[in-house]
Amino acid sequence: MSPSSDTSSLETLNWVGGAEEGFLRLIDQTRLPTEFLRIDCHDVPTVWEAIRSLRVRGAPAIGIAAGYGAVLGAQKAKGQPATEIRQAIGEATAYLRTSRPTAVNLFWACDRIDRVVEASKDISSADLLERVLAEAHEIAAEDKAMCRSIGRFGAELVTSGNGILTHCNAGGLATADYGTALAVIFAADEAGKQVHVFADETRPLLQGARLTAWELQRRGVSVTLICDNMAAQVMKEGKIQMVVVGADRIAANGDTANKIGTYGVALLAKAHGIPFYVAAPSSTFDLALADGSGIPIEQRDPSEVTHGMGRQTAPSGVSVYNPAFDVTPAELIAGIITERGIVQPVNARTIRDTVGAAFENSPNAG
Ligand code: MRU
């Protein structure tokens, strides 16, 4: 670990104040790496917009934001009977579910909030508000713990001297703290292993360049930024011994949706005999989906491709296809690093054995 590294928590998002008057504060990730700004969300539409426009992004962070967003929804009916609060929360979670379709953590968090409301019959409106805030805090606290655990398990897979390629940003910014794929790297680094990271820039929105390179630099981890189309060459040059990425939704058989381009990286890794790992908490599994064919893939605005760098880079009116995610088939994945251990080999049985217990009474149980 570099002596100049800053290992303090980023506080990607946090709740400020109490249940009745508090608000959600989050880092506006669209401004990084040149500006470090926080925005305060005082109502549900502001949280919805922050998720939709990627001010807060990354599967676990989206879920946590939605949990706190539900509290803001409840505040709207503050002082009214509990039935009004329940309805306001239900409306908030229903609306927040429409912000982005792929990361299952969003739906998992909204389900948790809805279940708390369902189970909280015959209590005062003030108590209901407190309970929903407590659940949102719990979602955030669990995520922090899961990320640390993923780091501990994943670091065992890293050999000192490894070059590690990652795609998009699965770091502290994408979670409550510490990350998933980057947790593996941070934990290996903290254990004294020498690692060098190659960060794909991750077109079109450059999460790798803007966020991953920034986070790694900030922590003093050695990093080289490459354009997405350089990964094959870098692998061929023998510079990569391991790939580790995050996930937005993992089906029961291990097929994994992650940022567009991940599937290509997995194919390249296979062609070069490099192990390709996914790091994700159990909240990212959707055991109700037998395989990846049912994962909804978000389609985003063409302007992200035609005006990605703040200026027009394509002819006006050109047809654009802009899926935000792709699905990597399970057979390309050497292992899935979870907070409950490493799923290896990746198949429906090993997944159920490792994370199945996390799904008791959950709609994502399958
Ligand atoms: O569109 P984004 O930036 O939200 O996409 C994020 C990713 O694809 C991450 O790799 C994934 O959410 C895992 S974050 C721990």
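Every number for a ligand or one of its atoms is a count from 1 in the order of the listing. Counting from 1, the numbers follow the sequence of the chain as shown.
- Both the backbone and the side chain of K259 come within contact range of ligand 1, each with a heavy atom under 4.0 Å.
- Within the 4.5 Å cutoff, side-chain heavy atoms of R249 are placed close to those of P296.
- Here the protein heavy atom with the shortest distance to atom 14 (S) of ligand 1 is A174 CB, 3.4 Å.
- Salt-bridge formation is detected for the pair R52/E298: a Lys NZ or Arg NE/NH1/NH2 atom is positioned less than 4.0 Å from an Asp or Glu carboxylate oxygen.
- The shortest heavy-atom distance from G179 to ligand 1 is not under 4.0 Å.
- Side chain of D286 to backbone of V104: no donor-acceptor contact under 3.5 angstrom is found.
- In this structure, A103 does not count as a contact residue of ligand 1, since none of its heavy atoms falls inside 4.0 Å of the ligand.
- Scanning the protein for heavy atoms near atom 15 (C) of ligand 1, the closest one is T180 OG1, 3.2 Å.
- T350 places no side-chain N or O within 3.5 Å of a backbone atom of V343 that could act as its donor or acceptor partner.
- Protein heavy atom at the shortest distance from atom 4 (O) of ligand 1 is R100 NH1, 2.8 Å.
- Interface atoms of ligand 1 facing P60, defined by a heavy-atom separation under 4.0 Å, are 14 (S), 15 (C).
- Of all the heavy atoms of A324, none lies under 4.0 Å from any atom of ligand 1, so neither backbone nor side chain is involved.
- Looking only at heavy atoms of the protein, atom 10 (O) of ligand 1 is closest to N258 OD1, 2.6 Å.
- No more than 12 heavy atoms of other residues, nucleotides or ligands lie within 6.0 Å of NZ in K270, so this atom counts as exposed by the packing criterion.
- Side-chain N or O atoms of Q241 include one that pairs as donor or acceptor with a backbone N or O of G238 at under 3.5 Å.
- A 4.5 Å side-chain heavy-atom check between N169 and W214 finds every atom pair outside the cut-off.
- Under the 30°/60° scheme for interplanar angles, the aromatic rings of W48 and Y95 are found to lie parallel.
- Side chains of D143 and Y178 form no contact here, defined as non-hydrogen atoms less than 4.5 Å apart.
- The nearest protein atom to atom 13 (C) of ligand 1, hydrogens excluded, is given as A247 O, 3.3 Å; this is a heavy-atom distance.
- For a threshold of 3.5 Å applied to N or O pairs, the pair formed by F325 and ligand 1 contains no separation below that value.
- Neither the backbone nor the side chain of H167 comes within 4.0 Å of ligand 1, counting heavy atoms alone.
- Counting the atoms of ligand 1 from 1 in the order shown, those under 4.0 Å from a heavy atom of C168 are 5 (O), 6 (C), 7 (C), 8 (O).
- For atom 7 (C) of ligand 1, the closest non-hydrogen atom of the protein is D248 OD1, 3.2 Å.
- Residue N169 touches ligand 1 through its backbone alone, judged by heavy-atom distances below 4.0 Å.
- Of the polar atoms of G58, at least one N or O is found under 3.5 Å from an N or O of ligand 1, judged by distance alone.
- No side-chain donor-acceptor contact under 3.5 Å links R100 to the backbone of L54.
- Ring geometry, H137 versus Y68: the interplanar angle exceeds 60°, so the pair is classed perpendicular (tilted spans 30 to 60°).
- The protein atom (non-hydrogen) at minimum distance from atom 6 (C) of ligand 1 is R57 NH2, 3.5 Å.
- Proximity of A59 to ligand 1, defined as any heavy-atom pair under 4.0 Å, is shared by backbone and side chain alike.
- Counting heavy atoms from C-beta outward, E142 and E339 have side chains that stay 4.5 Å or more apart.
- At under 3.5 Å, a nitrogen or oxygen of Q207, whether backbone or side chain, sits near a nitrogen or oxygen of ligand 1.
- Less than 4.0 angstrom separates some heavy atom of A170 from each of these atoms of ligand 1: 14 (S), 15 (C).
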